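All values reported here derive from a predicted model rather than from experimental measurement.
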Amino acid sequence: MNILLVGSGGREHALAWKIAASPLTARLVIAPGNPGMAALGDLRAVSATDVPGLVALALEMAADLVVIGPEVSVEAGLADALEKAEISCFGPVAAAGQLESSKAFTKAFTDRHGLPTAGYKVFEDAGLAKAGLAGFKPPYVIKADGLAAGKGVVIAQDLAEAEAAIDDVLGGRFGGAGARVVVEEFLVGEIGSLFALCDGKTSILFGHAQDHKAAFDGEQGPNTGGMGTYSPAPVFTPELTEQVRTRLAEPAFAGIAAEGAPYRGALFVELMATADGPKLVEFNVRFGDPECQVLMLRLESDLVPYLLACATGQLDIMPAPVWRDEAAVCVVLAAKGYPDAPETGTEIKGAEADFGPDVVVFHAGTRRDPDGTLRASGGRVLNVCARGPDLKTARDRAYAAVAAIDWPGGFHRTDIGWRVLGR
């Protein structure tokens, strides 16, 4: 098969790593990709939101399958355009993508279809939003409505912080993503990330993980797109997993199909395991980042048949995926100043060393100079991932590799997996 993978981050590097290993893959083209992916396929400088350019590239290379990595491609309507061009695509159409691209849409969707979630209100006016805080108790959850790369959420501990967050969102900090603000009830429990695949009518579960959103150790600092993950996560007991499947994942697939947008691709269910059962935190309409990285390290099955089955409506004949009986950990190395003002252009040494068969370093925000020097080009820059027979071994291997990378311009959390292993 000729496969086109769209995206340039750590999630896409992990997908490329797994797709390239498949015996079904004859040619892999990645657009736009990053330096870490260059050994896995052909990189083409087409933006993830350049829909006409990506469709033209898919036609030029006679793509048998296009795999959408990032949410911005979904929002831009790439799956819709590929459907018109009769090209098989893993990734939902833009109407289904509203489950991530608009938090206000998703909240109303949960009301329509009876999905458990936090209480909420949506505002377009800062004064009304601040007045609306009276209906909530601290801490307050303040969210930009649209796509903000995981940075549009503030957990405000008091009224003043909540009001400042509302001003940030509606004052233009997140551009068009901040046209509306969602104020939510704070949920008490343990957070988790569960994944499901769907081909428009059939769905299956596809792994779980636990993420660390805060920038610094001890869950301190601003919210980020994720500073590290581990899988499996003990919070996902068989009982909780079944509850998430029946109360959140399957009703979401059925609901969006009933509204005229059958879902084809991966759905990321971020949930809070509360005393009343799982409640939705948010949906993402693609594999998580950096959750995808640990899933790909643990996935024993060939990924490509599942991607193709989702795109072609054949998920009902696929077996349940097989997972390694191992744990995997991902530690994110981010540029100093992330998430607000990451310092780019700093040199990175040692990231491409051979750390052994159980350690993989995925590139997330890098560029390479003509002389081969590797430099930071984004906020989250490297994903150092490792697997092992247990979580402690996997984490020790990941942090040993982190210690061997020479990058004074970066920082990382030292407590990934603390809920299981302690700080």
Next item on the list: Output all residues satisfying side-chain contact (heavy atoms from CB on, under 4.5 Å) with Q243, sequence neighbours left out; order by chain, then residue number.
Entry: E239, L240, R247, P278
Next item on the list: Tell me, please, which residues at least two apart from A165 pass side-chain contact (heavy atoms from CB on, under 4.5 Å).
Entry: I142, V154
Check: When you measure from the side chain of H113 to the backbone N and O of A252, does any donor-acceptor pair fall under 3.5 Å?
Finding: no
Item checked: salt bridge (charged side-chain N to carboxylate O under 4.0 Å, His left out): pairs with one or both residues in residues 263-274, sequence neighbours excluded -> none
Next item on the list: Can you sort out the partners of E185 under salt bridge (Lys or Arg N to Asp or Glu O under 4.0 Å), two or more places apart, ordered by chain and number?
Entry: none
Checklist line | D390 and T393: side chain donor to acceptor below 3.5 Å | finding: yes
Check: With D111, which residues qualify under salt bridge (Lys or Arg N to Asp or Glu O under 4.0 Å), at least two apart?
Finding: none
Margin query: Tell me every residue that passes side-chain contact (heavy atoms from CB on, under 4.5 Å) with D302, counting only those two or more places apart in sequence or in another chain.
Written below: S22, P23, L24, V304, P305
Check: Are side-chain N/O atoms of N34 and S8 paired as donor and acceptor at under 3.5 Å?
Finding: no
Note to self: Give me each pair satisfying side chain to side chain donor-acceptor pair (under 3.5 Å) with a member in residues 65-85, each pair once, sequence neighbours excluded.
What the structure shows: E71-R286
Note to self: Under the salt bridge (charged side-chain N to carboxylate O under 4.0 Å, His left out) definition, can you give me all pairs with a residue in residues 28-45, not counting sequence neighbours?
What the structure shows: R27-D42, R44-E60
Using residues 311-329 as the side-chain source, report each donor-acceptor pair under 3.5 Å to any protein atom, sequence neighbours left out, with the distance given to one decimal.
from	atom 1	to	atom 2	distance (Å)
T312	OG1	L308	O	2.7
T312	OG1	Q314	OE1	3.2
R324	NH1	E326	OE1	3.2

Margin query: Any side-chain to backbone donor/acceptor pair from D50 onto G53? Under 3.5 Å, distance only.
Written below: yes
Margin query: Which residues pass the salt bridge (Lys or Arg N to Asp or Glu O under 4.0 Å) test with K213, not counting sequence neighbours?
Written below: D211
Item checked: Partner set under salt bridge (Lys or Arg N to Asp or Glu O under 4.0 Å) for K107, not counting sequence neighbours -> E184
Check: With R367, which residues qualify under side-chain contact (heavy atoms from CB on, under 4.5 Å), at least two apart?
Finding: D369, R375, S377
